[in-house]
K.L.:
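Supplied in structure tokens, the structure appears directly below.
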Amino acid sequence: MKNLSGLEESKGCVLFAYNTNEVDYVSIADANAKLITKNINLPVTLVTDLETIPKFNYDKIIRIENNLDNFRTFGQTKQTWRNGGRSQAYDLSPYDLTLILDSDYLILDNSLTKLFDQNFDYRLQYNSYSDAGPLYNTMGTGYSLPFVWATCVLFRKAPETKLYFDLIKRIERNYAYYKTLFHARGTFRNDYVFAIANLVLNGYSLDQHQGSPLPIYTVEKDIDSIDIKNKNMIIKHSNSAVVSPIQNVHIMDKKYLQTENFRNFIQGICCE
């Protein structure tokens, strides 16, 4: 619930990024931190490993030992996926109101700031769509939970939120059991853990009252370039292009996010 003390709540964004042999996630986080500063004017804290040297001037850099290495397929390639640590977000965040973002969820508008004015303990993302339509209805096959995206999570330091993250930690520690119980597919995902904890905390109700009204726009295809022209976003692929209004966008093509073209795109936006 909202702060009743009358004091101004501190607000900020927390990014989790750990480099792998294949992907420089910290450089992607550096780029997105520039967009966050430009478009929603929030301080940014980076949670990363013990060795990485970020280039962005973060509000804070928190280093943790990430022992959770998984593998997933990006395109046709099986790659390391270091997705641990997010269960500690409540303890690690220096802010009263925190926006957790994937480093590859690019902040290109200010729509998320409107959520800060709502009455909530935490807000999850239930809906994501691509140009082909909605993405993922459930976490697995058969009886399974509705899909929840941990790509963008908003939370307030409050007792119910603390209980929520304590549940997330417990489910993460016992993930093999919960994965079987809820018929989740594939490897460990924060999406699944956040969804299961939300279900348990709400008395095993599928009520989505903690959901954000803003869906996530996801680009699944490989990208050649992204440009902004005449208040539109133009995303070019090898044999097609998509034109949409400027909006936040979740990019699955990590290779593109490490290119000179992407760095120039970020530079162009931040120098406007």
K.L.:
If we check side chain to side chain donor-acceptor pair (under 3.5 Å) with Ser87, which of these qualifies: Glu172, Arg173, Lys169, Arg170?
P.N.:
Glu172
K.L.:
Using modelled atom types only, decide if a donor and an acceptor are shared between the side chain of Ser212 and the backbone of Leu124 within a distance under 3.5 Å.
P.N.:
no
K.L.:
Out of curiosity, Cys270 SG to Asn39 CG, how far, rounded to the nearest 0.5 Å?
P.N.:
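Separation between the atoms: 7.5 Å.
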K.L.:
Mark yes or no for whether Arg156, through its side chain, and Asp96, through its backbone, hold a donor-acceptor pair below 3.5 Å.
P.N.:
no
K.L.:
Using 30° and 60° as the class boundaries, would you call the ring planes of Phe182 and Tyr178 parallel, tilted or perpendicular?
P.N.:
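The arrangement is parallel - the two ring planes meet at less than 30°.
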K.L.:
Look at the side-chain heavy atoms of Ile, Leu, Val, Met, Phe, Trp and Tyr, link any pair under 4.5 Å apart, and say whether Ile246 and Ile251 land in one connected group.
P.N.:
yes
K.L.:
Working to the nearest 0.5 angstrom, can you tell me the gap between Cys152 SG and Asn248 CG?
P.N.:
8.0 Å
K.L.:
For the backbone of Val26 and the side chain of Asn19, can you confirm whether one donor and one acceptor N or O come within less than 3.5 Å of each other?
P.N.:
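Confirmed, Asn19 side chain pairs with Val26 backbone.
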K.L.:
So is Arg123 actually on top of Phe120's ring, under 6.0 Å and inside 45° of the axis?
P.N.:
no
K.L.:
Salt bridge check, Lys157 against Asp121: does any charged N sit closer than 4.0 Å to a carboxylate O?
P.N.:
no
K.L.:
If I compare all heavy atoms of Ser10 with all of Pro94, which pair ends up nearest, and what's the gap?
P.N.:
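It is OG-O, 4.1 Å.
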K.L.:
Do you reckon Val219 sits in the same ILVMFWY cluster as Tyr129, going by side-chain contacts under 4.5 Å, direct or chained?
P.N.:
yes
K.L.:
What is the distance from atom OG1 of Thr151 to atom CD1 of Ile216, rounded to the nearest 0.5 Å?
P.N.:
4.5 Å
K.L.:
Working note: Asp166 + Tyr90, criterion side chain to side chain donor-acceptor pair (under 3.5 Å); need CA distance, chi angles, decisive distance, verdict.
P.N.:
CA-CA 9 Å; Asp166 286 345; Tyr90 186 95; over 6 Å; no
K.L.:
Starting at NZ of Lys221, measure out to OG of Ser240 and round the result to the nearest 0.5 Å.
P.N.:
4.0 Å
K.L.:
Give the minimum heavy-atom separation between Pro213 and Leu115, together with the two atoms involved.
P.N.:
CD-CD2, 3.7 Å
K.L.:
Taking everything shown except Asn110 itself, do over 12 heavy atoms lie less than 6.0 Å from its CG?
P.N.:
yes
K.L.:
Is the backbone N or O of Ala89 less than 3.5 Å from a side-chain atom of Ser93, with the two atoms forming a donor-acceptor pair by type?
P.N.:
no
K.L.:
Between Arg263 and Gln258, is there a donor-acceptor pair closer than 3.5 Å when you use the side chain of the first and the backbone of the second?
P.N.:
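Yes, the answer is positive, given that a donor and an acceptor are paired below the 3.5 Å cut-off.
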K.L.:
Work out which heavy atom in Tyr105 is nearest to a heavy atom in Pro215; give both atom names and the distance.
P.N.:
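Minimum heavy-atom contact is OH-O, 4.4 Å.
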K.L.:
Is there a donor-acceptor pair under 3.5 Å between the side chain of Asp253 and the backbone N or O of Tyr256?
P.N.:
yes
K.L.:
If you measure from CD1 on Ile36 to CG on Asn41, what distance do you get to the nearest 0.5 Å?
P.N.:
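The CD1 atom of Ile36 sits 11.5 Å away from the CG atom of Asn41.
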K.L.:
Donor-acceptor check, side chain of Asp224 to backbone of Lys236, threshold 3.5 angstrom: yes or no?
P.N.:
no
K.L.:
Can a donor-acceptor pair be found, under 3.5 Å and without considering hydrogens, that links the side chain of Tyr164 to the backbone of Phe194?
P.N.:
yes
K.L.:
Quick check: is Leu50 connected to Ile61 through a chain of hydrophobic side chains (ILVMFWY, heavy atoms under 4.5 Å apart)?
P.N.:
no
K.L.:
If I compare all heavy atoms of Ala17 with all of Ala29, which pair ends up nearest, and what's the gap?
P.N.:
CB-CB, 3.9 Å
K.L.:
Of Ile171, Asn198, Val148, Leu167, which meets side-chain contact (heavy atoms from CB on, under 4.5 Å) against Val193?
P.N.:
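Answer to the side-chain contact (heavy atoms from CB on, under 4.5 Å) test with Val193 among Ile171, Asn198, Val148, Leu167: Ile171.
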K.L.:
Between the side chains of Lys254 and Asp104, is the shortest nitrogen-to-carboxylate-oxygen separation below 4.0 Å, so that they form an ion pair?
P.N.:
yes
K.L.:
With respect to Val44, which candidate in Leu15, Leu99, Asn32, Leu35 satisfies the side-chain contact (heavy atoms from CB on, under 4.5 Å) definition?
P.N.:
Leu15
K.L.:
Could you tell me which non-hydrogen atom of Ser128 sits nearest to which non-hydrogen atom of Thr218, and how far apart they are?
P.N.:
OG-OG1, 2.8 Å
K.L.:
State the CG-OG1 distance between Leu42 and Thr113, to the nearest 0.5 angstrom.
P.N.:
8.0 Å
K.L.:
For residues Ile53 and Tyr25: do they belong to one hydrophobic cluster (side chain heavy atoms under 4.5 Å, members Ile, Leu, Val, Met, Phe, Trp, Tyr)?
P.N.:
no
K.L.:
What closest approach, in Å, do Cys13 and Leu101 show between heavy atoms, and which atom pair accounts for it?
P.N.:
SG-CD1, 3.5 Å
K.L.:
Got a donor-acceptor contact below 3.5 angstrom from the Glu220 side chain to the Ser130 backbone?
P.N.:
no
K.L.:
Given the rule that I, L, V, M, F, W and Y join up when any side-chain heavy atoms are under 4.5 Å apart, are Ile228 and Ile235 in one cluster?
P.N.:
yes
K.L.:
Between Lys34 and Asp30, is there a salt bridge with N-O shorter than 4.0 Å?
P.N.:
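Salt bridge flag = no for Lys34 with Asp30.
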K.L.:
Measure from the side-chain N and O atoms of Arg63 to the backbone N and O of Thr52, and report whether any donor-acceptor pair falls under 3.5 Å.
P.N.:
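Yes.
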